[in-house]
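Chain identifiers are assigned alphabetically (A, B, ...) following the order of the sequence lines, protein sequences preceding nucleic acid strands; residue numbering begins at 1 within each chain.
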There are 2 protein chains.
Amino acid sequence: MMSINSDSMLDHAPSSPLRLRPQAALKIDKSERTRVAILNAALDFIWSRPFRDMTVRSLMTATGVGRSAFYQYFTDRHDLMQTMLRIVQKEIFEGVSPWLVGVGDPVVLLHQTLGGLVRICYERGPFIRAISDASRTDKRFEEDWRQFLEGFDEAGFARIEADQRQGLIPDFDARPVVFALNRLNAYTIIEAFGQHPRREPEPVWEALARIWVSTLYGAEWLGKESSSLIRK
Amino acid sequence: MMSINSDSMLDHAPSSPLRLRPQAALKIDKSERTRVAILNAALDFIWSRPFRDMTVRSLMTATGVGRSAFYQYFTDRHDLMQTMLRIVQKEIFEGVSPWLVGVGDPVVLLHQTLGGLVRICYERGPFIRAISDASRTDKRFEEDWRQFLEGFDEAGFARIEADQRQGLIPDFDARPVVFALNRLNAYTIIEAFGQHPRREPEPVWEALARIWVSTLYGAEWLGKESSSLIRK
DNA sequence: AGAGTTTATTGACATCATGTCACATCGTCA
DNA sequence: TGACGATGTGACATGATGTCAATAAACTCT
């Protein structure tokens, strides 16, 4: 009938490094378990295969539940990707906070922020790529992705303007520059880490740091704090 | 049965600013005319609607020829997009040549190159976006897009290394930096100009120029040659 | 534990896009 | 005119999507 444990399939599915445990430890009703199983199937799938190949059937086959049950939990593939976006978004926002909200030497904070971003996105690369790919094939989810990126635009803009008022950053029109720098980050990361084999994170981190620091604070700050490598 | 002129439909299709005339002026065999009609239908479609909505049916309806005739000319939608890529690629390569192959003050050339890039991509934005979107949904075309971007990586890398040998650009690992800067250009342009309403080209040009110049030659060159605005 | 209720799951269905194929039609040249 | 190659067409097979009424399973409460 169906496999004993509904979570791991016997065939070639490699499990992704990001898997969910059912929510409230004890109150595991069937519903929650199936929902998480689907999510994990998607995570596993996306870890090794492109979004375009992810059909509802492929997911539910891996789950061991009939295909139509999928629609009890998600309205469509993109709804599911929205959930994946929320998961990844939370991780990224945390890693990226230093420069955006922290106090101290801005160049040091910027290095830290970019280091955190690169580390997390290296670990989650294929998910991020899938999310970005999904945003191209669905009107609603495209909007979600746009808002995700705009979050960085707003935060970065605020930080740059603040530093401009302090004379730390030259007085240019910050909006288009931060827009461009954020696309730089997003798509450099997606292309570098979005599919196996991924590139090495260090050179990517150094390149991004060089570009951000040169543009905002000036190349004379480049040597500073080249130390804080991507830390565990 | 079918409309008198096979090229323009009566309904709401706005014609794109990029349309093809049949090839050899006189030797217009039916085949070439249909092929161009399909291509123009695609160009018109993409000018105002996203790639994800472009079905073979929608194209061939606009063409006035039966849907199955499409496959006489293209193997699928992505094959058609490959043709669109070649058209746009040619225009871009021309506009982008100064810094890559020219002689003279590199900062001036870089400004020129970015100006040309922004001008062309502003004019062709929706096409470029569609090409990029299409690369997410097809394995083969994804490879074409990758090679397209890698072309810029190679050329930019060569230029940077040359300038590094002359001491014009500091001595960093050029590969990852040029990779990042090219993604900066590609995706800033796609998001800024890829759908209506498009952003203004000038601020985008200024932002890209600021980032490239600061990163490569140093911010002290930024005032220089801020003149050469996007020219006809 | 067992009846009754709620919830989860299923299989069949309708729709839509794709790509293919045998056949029909057109037009050109002998 | 007639025959042949090049164009175009309609019908078909496939495979994905999302829905729904019917069924099975899970939960609740006494």
* Asked: Touch check for B/Arg77, heavy atoms < 4.0 angstrom, all strands: base, sugar-phosphate only, or nothing?
  ->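 The residue B/Arg77 makes sugar-phosphate contact but no base contact.
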* Asked: Looking for any heavy atom pair under 4.0 Å, which part of the strands does A/Arg57 touch: base, sugar-phosphate only, or nothing?
  ->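 It contacts sugar-phosphate atoms only.
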Nearest whole angstrom, please: distance from the [atom2] of [N] to the [atom1] of [X].
X: A/Leu59; N: D/dA16; atom1: CG; atom2: P; result: 13 Å
X: B/Phe70; N: C/dC21; atom1: CZ; atom2: C1'; result: 18 Å
X: A/Gln72; N: D/dG18; atom1: CD; atom2: C1'; result: 13 Å
X: A/His78; N: D/dT17; atom1: NE2; atom2: C1'; result: 12 Å
X: A/Met60; N: C/dA8; atom1: CE; atom2: P; result: 13 Å
X: A/Glu32; N: C/dT7; atom1: CD; atom2: P; result: 15 Å
X: A/Asp138; N: D/dG18; atom1: CG; atom2: P; result: 9 Å
X: B/Met54; N: C/dA17; atom1: CE; atom2: C1'; result: 13 Å

* Side chain B/Arg67 and base D/dG10 donor-acceptor under 3.5 Å ->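 Side chain to base: no pair present.
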* Are A/Phe93 and A/Phe152 an aromatic pair by the rule of ring centers under 6.0 Å? ->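 Yes, they do, as the ring centres are separated by less than 6.0 Å.
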* Enclosure of B/Arg57 CZ (heavy-atom neighbours >12, cutoff 6.0 Å) ->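 Counting other residues, nucleotides and ligands, CZ of B/Arg57 stays at 12 neighbours or fewer.
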* Asked: Does CZ belonging to A/Arg146 count more than 12 external heavy atoms closer than 6.0 Å?
  ->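 Enclosed: over 12 neighbouring heavy atoms sit under 6.0 Å from CZ of A/Arg146.
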* For D/dG10, take OP1 and OP2 only and decide whether either is under 4.0 Å from a side-chain N or O of B/Ser68. =>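 No, B/Ser68 has no side-chain N/O under 4.0 Å of OP1/OP2 on D/dG10.
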* Look at the side-chain N and O atoms of B/Tyr73 and state whether any lies under 4.0 Å from the OP1 or OP2 oxygen of D/dG8. =>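 Looking at the OP1 and OP2 atoms of D/dG8, one of them is under 4.0 Å from a side-chain N or O of B/Tyr73.
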* Asked: Aromatic rings A/Phe141 and A/His78: how do their planes relate, parallel, tilted or perpendicular, breaks at 30° and 60°?
  ->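 The rings of A/Phe141 and A/His78 sit tilted, inter-plane angle from 30° to 60°.
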* Asked: Where the side chain of A/Asp76 is defined as all heavy atoms beyond and including C-beta, which of C/dT10, D/dG18, C/dA8 is the nearest nucleotide?
  ->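 Shortest atom-to-atom distance from the side chain points to D/dG18.
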